[in-house]
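The structure appears right after this line, and notes come after that.
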Amino acid sequence: MRILFMGTPDIAAHVLEAILDAGHEVTAAVTKPDKPRDRGKKSAPSEVKVLALSRGIRVEEPETLKNGALTPLLEETNPDVIVVVAYGKILPESVLYYPKYGSINVHASLLPRYRGSAPIQRAIMGCEKETGVTVMKMDKGVDTGDALISAKVAISPEDTTETLTKKLAVIGAPLLLNALELIESGEAKFRKQNDAYATYAPMIRKEESAVDWSCSAEEISARIRGLDPWPAAEAEVDGIRLKLFRPRLSGFCAEAQPGTVVTAGKKGLIVACGGGSLLEIGEVQPAGKKRMPAAAYFNGKPLKENRIR
RNA sequence: CGCGGGGUAGAGCAGUCUGGCAGCUCGACGGGCUCAUAACCCGUAGGUCGUUGGUUCAAAUCCUUCCCCCGCAA
């Protein structure tokens, strides 16, 4: 199969690597352009670009796909199918339906649930116990195309977006290879998604990093883990901004008001949440500092005020 | 040169403004107490104060060179 690959972050790179290792012909990799990522003016290439270059694959980085920007590439490489994994741009129909087998997408959720750009984060933040990967045929809607196959994976209470992304990449890559075989052999059976069960997972915004301590410990834990590693849940203790990581449910204490710091010392940081539930924060990162165990930070920095915001 | 914080014992920090014995909370190690413990008590070890040069009787502290880490913003 002649494949045109489109994707950007690490999960996409994983899938691309699997396609290459399986011996498929990848005619080109389309990815988002380099963009400034860190302090200073440096810009960094996407993970897909790095991998493609190291494997000698042609890389295209169009700013926009509108106005037939991809037409020359499509005519030149004549792909049998387009594989899209977390590309980050909407594909116009002229591109979607160009190849013989159309375009297929690896989406990191059990469709029709969590359609959209942040399915992994939203599944964790929604306190889901399981999620998965779905391979589907793309149509003009956002993740609304007919599904081919899917695979489930459990979400553990320690999973973060980072760890869950890895799990999904691990099952997603072989799932796509499987799908390609089905398509090539003509055995692919696509099923319509049931829109009645659809939910939408919008992009994560920086403003969502604030924590509402009146929520339950379980909800806050889910939020912290869903926002890890980016943008990370934030709170303020003694006027210092802290990013929060590695939450763990820590029982109940009826008297404690939500937002009260119950413990901050060598045992770590424990905060009261809604309904008297307690949440232990395993790791913190003060502004300007590295991520560290909460116990370490509060050891050398006694609290002035036992309140968290 | 986008804005900003930081580098001091194994960890986390104070001390820097205003130069004057290298400190704190932990950890480690040794001992003690306790029915017992993540508790408590006594003690020990552990430092090139990121790096370069300078000012000074004296520099973690003031001036200077470079390196490294991180937050914001994207």
To the side chain of [X], which of [options] is closest?
{"X": "Tyr297(A)", "options": "U25(B), A74(B), C13(B)", "answer": "C13(B)"}
{"X": "Lys206(A)", "options": "C69(B), A14(B), A73(B)", "answer": "A73(B)"}
{"X": "Lys289(A)", "options": "C70(B), C26(B), C13(B)", "answer": "C13(B)"}
{"X": "Pro286(A)", "options": "C69(B), C72(B), C13(B)", "answer": "C13(B)"}
{"X": "Ala287(A)", "options": "G71(B), C70(B), C13(B)", "answer": "G71(B)"}
{"X": "Lys267(A)", "options": "C70(B), G71(B), A38(B)", "answer": "A38(B)"}
{"X": "Lys301(A)", "options": "A74(B), C26(B), A14(B)", "answer": "A14(B)"}
{"X": "Ala296(A)", "options": "G12(B), C70(B), A74(B)", "answer": "G12(B)"}

Under 4.0 angstrom between Gln285(A) side-chain N/O and G71(B) OP1 or OP2:
yes
Which one is paired to U52(B), where only Watson-Crick or G-U wobble pairs with both distances under 3.5 angstrom count?
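Matched U52(B) with nothing under the 3.5 Å cut-off.
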Ignoring hydrogens and geometry, is there a side-chain-to-backbone donor-acceptor pair from Asp143(A) to Gly116(A) under 3.5 Å?
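Here the side-chain-to-backbone pair exists.
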For RNA chain B, find the residues of residues 233-251 of chain A with a heavy-atom distance under 4.0 Å and give them by number; none if there aren't any.
Glu234(A), Arg241(A), Lys243(A)
